[in-house]
Trainee: 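One structure coming up, written as structure tokens, with questions to follow.
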Number of protein chains: 4
Amino acid sequence: MTERHDRRQALVHAAFSAIAESGFEGFRLRPIAAAAGIDHSTLHHYFRTKADLIAAVLEHVTSQFEATMHTDLDPATRLRQHLREIATAVTQRPELFIVLDELDLRARRDGSTGADIERDEQGWRDALTAIFTEGVARHVWSTDLDVAASVELVIATVKGIRLRPDRAESVVNQLCDLFSPERPHA
Amino acid sequence: MTERHDRRQALVHAAFSAIAESGFEGFRLRPIAAAAGIDHSTLHHYFRTKADLIAAVLEHVTSQFEATMHTDLDPATRLRQHLREIATAVTQRPELFIVLDELDLRARRDGSTGADIERDEQGWRDALTAIFTEGVARHVWSTDLDVAASVELVIATVKGIRLRPDRAESVVNQLCDLFSPERPHA
Amino acid sequence: MTERHDRRQALVHAAFSAIAESGFEGFRLRPIAAAAGIDHSTLHHYFRTKADLIAAVLEHVTSQFEATMHTDLDPATRLRQHLREIATAVTQRPELFIVLDELDLRARRDGSTGADIERDEQGWRDALTAIFTEGVARHVWSTDLDVAASVELVIATVKGIRLRPDRAESVVNQLCDLFSPERPHA
Amino acid sequence: MTERHDRRQALVHAAFSAIAESGFEGFRLRPIAAAAGIDHSTLHHYFRTKADLIAAVLEHVTSQFEATMHTDLDPATRLRQHLREIATAVTQRPELFIVLDELDLRARRDGSTGADIERDEQGWRDALTAIFTEGVARHVWSTDLDVAASVELVIATVKGIRLRPDRAESVVNQLCDLFSPERPHA
DNA sequence: TATGAATGAGAATTCATTCAT
DNA sequence: AATGAATGAATTCTCATTCAT
């Protein structure tokens with residue numbers, strides 16, 4: 001049983017790496033099976049179709065993004081911390097975000113992929129909305145702040161740095177600074 | 001000669017549309033040739049290889065982004081206008097940005113695509129840098145503003161809305177508001 | 001032991017139905033095992049190979065045709081009754097005859113199937129020969145009657161209606177009428 | 001153009017022979033292509049799918065059965081001649097009838113095959129009906145004769161001898177004799 | 001007896017590309 | 001410039017069978 005799980009995991013990992021490296025364009029099953037050390041027909045024992053394997057990769061990826069949202073008192077700090085963690089992750093595990101980008105693009109054509117991704121994104125959106133809403137309520141941010149637009153801005157920005165680990169940190173810092181200008185002295 | 005040019009254009013357009021619709025994963029030459037009304041082997045008279053056709057699509061796409069930067073006096077207005085134009089384009093010609101996203105992802109694997117895209121992006125980066133630099137010089141923005149990070153933030157944000165035409169406008173507005181808070185009254 | 005027998009029977013029945021429905025062209029072991037509620041590899045405990053299972057189906061089919069020849073006095077009546085019974089069977093259990101037809105066709109390629117079927121057919125041929133021989137002896141039919149040819153005619157006709165339950169009855173009646181014209185009046 | 005036709009013909013012939021020899025159960029495209037001396041992928045240039053090739057085989061087979069019905073004066077002679085020609089064909093070109101039998105069996109599962117075969121059979125049925133009807137009108141046969149049943153009997157008998165070239169002649173003769181008893185001399 | 005894992009051979013089909021015409 | 005024929009390598013997926021448990 002655990003062996004079965006191991007093989008499956010090995011296949012998912014191999015598929016994940018392959019997508020990270022070559023995208024879906026060149027994504028073929030045989031090399032995946034080979035990387036896991038099994039015959040390519042055995043792969044179908046674990047994943048009936050290519051789509052099933054891709055679905056498993058998607059699940060693997062999204063499972064890595066389980067909410068790491070903190071519950072500090074200060075919403076501004078929470079936002080900053082959250083974005084810094086993302087920036088760190090982009091830097092340390094760039095493949096994760098590359099594959100996510102590939103999946104995002106693929107979601108447009110593949111309904112079920114789209115649904116899974118959308119569900120995941122909605123969870124994230126809700127968390128961000130909570131931060132901004134609380135921030136406005138506590139007068140951390142102006143009551144004029146367009147919460148929905150701010151949330152989408154954050155999301156867009158994060159998506160925009162997924163392929164740019166080198167710039168991730170400075171970009172999220174700059175975004176946080178715009179929301180909550182550091183008043184260093186005084 | 002002009003006929004030849006027309007045929008090439010027809011092929012490039014067909015390829016562009018196909019990529020916009022199905023991405024590179026499902027990008028096949030035969031349907032492209034069929035869409036242009038020619039035999040699939042004739043396509044090779046115009047583009048020796050598949051890669052050549054893709055390169056032509058890339059060129060077609062980037063040629064659509066020739067800098068439409070205005071030269072108003074006020075840098076803040078220039079920025080806002082520029083981003084609004086982008087948001088409008090994303091809304092009105094979403095395929096253009098979808099294909100750009102596909103190409104961006106592909107650039108990681110394909111050196112020459114990467115170079116072309118990078119060159120293009122650099123032009124854009126320079127223009128944005130000029131705006132922010134001037135804005136700081138003219139005290140539109142604080143001298144503390146991190147110009148480079150601001151430029152990357154703008155770029156990241158725009159990239160992040162490429163697949164979301166519906167949110168494009170509100171996101172860029174929100175970003176501009178953060179840079180230059182509208183102070184409506186007083 | 002009886003359990004084992006039951007399982008075997010279940011498998012044979014499932015195989016029989018599958019062949020009746022889709023012929024040998026689409027005959028696969030896995031669905032058979034599934035229909036019998038067992039794993040497809042367990043099937044090999046009961047039938048070592050696919051051919052073994054097919055042989056069992058053949059046996060099952062031929063066992064259904066144990067001579068039900070009557071021993072009335074009148075050969076003509078015997079013939080008519082025999083053919084009517086066949087026509088009824090074709091109507092009521094068409095799958096039996098469909099599978100028989102499939103097996104007949106297959107016999108050409110598969111030696112052992114051929115032998116089994118041939119043996120069965122010979123028994124039938126003998127019974128028919130007995131009827132016609134007796135009929136000629138008793139002057140039910142002309143002494144000019146070609147007994148062997150008549151037997152083959154009957155066999156051919158029956159084979160010819162195996163896929164046509166709807167016409168079975170009228171065809172066998174017509175054949176009997178030709179052999180023994182009903183002289184209803186006078 | 002004629003070359004193209006030749007290749008197609010060669011493929012159809014090779015397919016025909018393969019089916020005659022091994023039936024549909026073992027019918028694979030690669031050996032067909034090999035027999036025609038081409039790469040197996042080239043086969044798809046001529047027949048997009050396996051089903052297309054089978055359809056061409058079916059057409060080839062049915063085209064061999066274009067009505068060879070004579071227009072002698074005597075219906076009984078016409079019937080006898082017709083059946084003798086069939087018996088001769090079964091003897092001389094047994095594969096034709098074997099393949100026909102295979103197709104007949106296959107027709108049950110494959111709608112389009114079924115339609116084609118049915119259309120062909122209907123033509124034959126019409127011709128036979130004409131013979132019997134005329135025979136009854138001319139008092140060659142009793143007015144009591146069930147024309148429809150007689151037609152079906154002939155059809156069934158012919159189908160029943162398709163796999164038995166050796167018995168074909170004696171069976172059809174016997175059938176004719178039953179319809180029109182030879183009254184030798186006297 | 002029963003299973004699930006594994007295999008290897010092979011299935012139809014697709015695709016970019018080349019070549020002769 | 002244009003075509004259709006041809007290729008060969010590759011693709012996903014299937015299947016009967018075996019083996020260890």
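For the numbers below, each heavy atom of this structure counts, side chains included, while hydrogens, waters and symmetry mates do not. A note on names: the letters A, B, ... follow the listed sequences, proteins ahead of strands, and every chain is numbered from 1.
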Trainee: Map S41(A) and R30(B) onto DNA chain E by nearest heavy atom, then report which one ends up closer to the 5' terminus.
Mentor: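 Whichever sits nearer the 5' end wins; that is S41(A).
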
Trainee: H44(A) has an atom NE2; how far is it from atom C1' of dC13(F), in whole Å?
Mentor: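 From H44(A) NE2 to dC13(F) C1': 5 Å.
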
Trainee: Between D6(C) (CG) and dT1(E) (P), how many Å, whole number?
Mentor: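 From D6(C) CG to dT1(E) P: 13 Å.
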
Trainee: Are any of R7(D)'s side-chain N or O atoms less than 4.0 Å away from OP1 or OP2 of dG4(F)?
Mentor: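 Indeed not, no polar side-chain atom of R7(D) lies that close.
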
Trainee: Find the distance R28(A):CZ to dA16(E):P and express it as a whole number of Å.
Mentor: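 About 10 Å, once rounded to whole Å.
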
Trainee: Take the protein atom CD1 of I32(D) and the nucleotide atom C1' of dA11(E), then report the distance between them rounded to whole Å.
Mentor: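 It is 14 Å, rounded to the nearest whole Å.
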
Trainee: Could you check whether F47(C) gets within reach of a base, just the sugar-phosphate, or nothing at all, counting any heavy atom under 4.0 Å?
Mentor: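 No contact.
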
Trainee: With nearest nucleotides of DNA chain E determined for L43(A) and D39(C) from heavy-atom distances, which residue corresponds to the more 5′ nucleotide?
Mentor: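 Closest to the 5' end, via its nearest nucleotide, is D39(C).
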
Trainee: Could you work out which one of dC13(F), dA12(E), dT3(F) sits closest to the side chain of L29(D)?
Mentor: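 Looking only at side-chain atoms, L29(D) lies closest to dA12(E).
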
Trainee: Nearest nucleotide by nearest heavy atom, which residue falls closer to the 5' end of DNA chain F, G37(B) or F27(A)?
Mentor: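 By nearest-heavy-atom nucleotide position, the 5'-most residue is G37(B).
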
Trainee: How many whole angstroms separate atom CZ of R8(C) from atom P of dA2(E)?
Mentor: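 So the CZ-P distance, R8(C) to dA2(E), works out to 13 Å.
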
Trainee: To the nearest Å, give me how far apart CZ (F24(C)) and P (dC15(F)) are.
Mentor: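 Distance check: F24(C) CZ to dC15(F) P gives 17 Å.
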
Trainee: Does the structure show a Watson-Crick or G-U wobble partner for dA20(F), both distances under 3.5 Å? Name it, or say none.
Mentor: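 Answer to the pairing question: dT3(E), which forms a Watson-Crick or G-U pair with dA20(F).
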
Trainee: Please check the phosphate of dA5(F) (OP1 and OP2 only) for any side-chain N or O of T42(D) closer than 4.0 Å.
Mentor: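 False: T42(D) side-chain N/O out of range (4.0 Å or more) of dA5(F) OP1/OP2.
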
Trainee: Examine dA2(F): is either OP1 or OP2 under 4.0 Å from a nitrogen or oxygen in the side chain of H45(B)? Give yes or no.
Mentor: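 So the side-chain polar atoms of H45(B) never come under 4.0 Å of the phosphate oxygens OP1 or OP2 of dA2(F).
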
Trainee: When you compare the side chains of T113(B) and D110(B), does any donor N or O come within less than 3.5 Å of an acceptor on the partner?
Mentor: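 On atom types as modelled, these side chains qualify, holding a pair under 3.5 Å.
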
Trainee: Can you tell me how far apart OH (Y46(D)) and CD1 (I38(D)) are? Round to the nearest 0.5 Å.
Mentor: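 The OH atom of Y46(D) sits 6.0 Å away from the CD1 atom of I38(D).
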
Trainee: Could you check how far CZ of R48(D) sits from P of dT14(E), rounded to whole Å?
Mentor: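 The answer, rounded to whole Å, is 7 Å.
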
Trainee: As a test of understanding, state which of R106(B), K50(B), R28(B) forms a salt bridge (Lys or Arg N to Asp or Glu O under 4.0 Å) with E25(A).
Mentor: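 With E25(A) as partner, salt bridge (Lys or Arg N to Asp or Glu O under 4.0 Å) holds for just one option, R106(B).
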
Trainee: Using 0.5 Å steps for rounding, measure from the CG atom of L43(B) to the CG atom of L29(B).
Mentor: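 Separation between the atoms: 5.5 Å.
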
Trainee: Which distance, rounded to the nearest 0.5 Å, do you find between the CZ of R162(C) and the CG of D104(C)?
Mentor: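 Separation between the atoms: 4.5 Å.
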
Trainee: Could you check whether the side chain of H40(A) and the base of dT11(F) have a donor-acceptor pair of N or O atoms closer than 3.5 Å, going by distance alone?
Mentor: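 Looking at the base of dT11(F), it does not pair with any donor or acceptor on the side chain of H40(A) (distance under 3.5 Å).
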
Trainee: Taking the minimum atom-to-atom distance to the side chain of I38(C), which one of dT17(E), dT11(F), dT3(E) wins?
Mentor: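 Of the candidates, dT3(E) comes closest.
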
Trainee: Write down the distance between NZ (K50(C)) and P (dT17(F)), rounded to a whole number of angstrom.
Mentor: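 Atom-to-atom, K50(C) to dT17(F), this comes out as 8 Å.
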
Trainee: Paired with dA10(F) by Watson-Crick or G-U wobble geometry, both distances under 3.5 Å: which nucleotide is it?
Mentor: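 Across any shown strand, dA10(F) pairs with dT13(E).
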
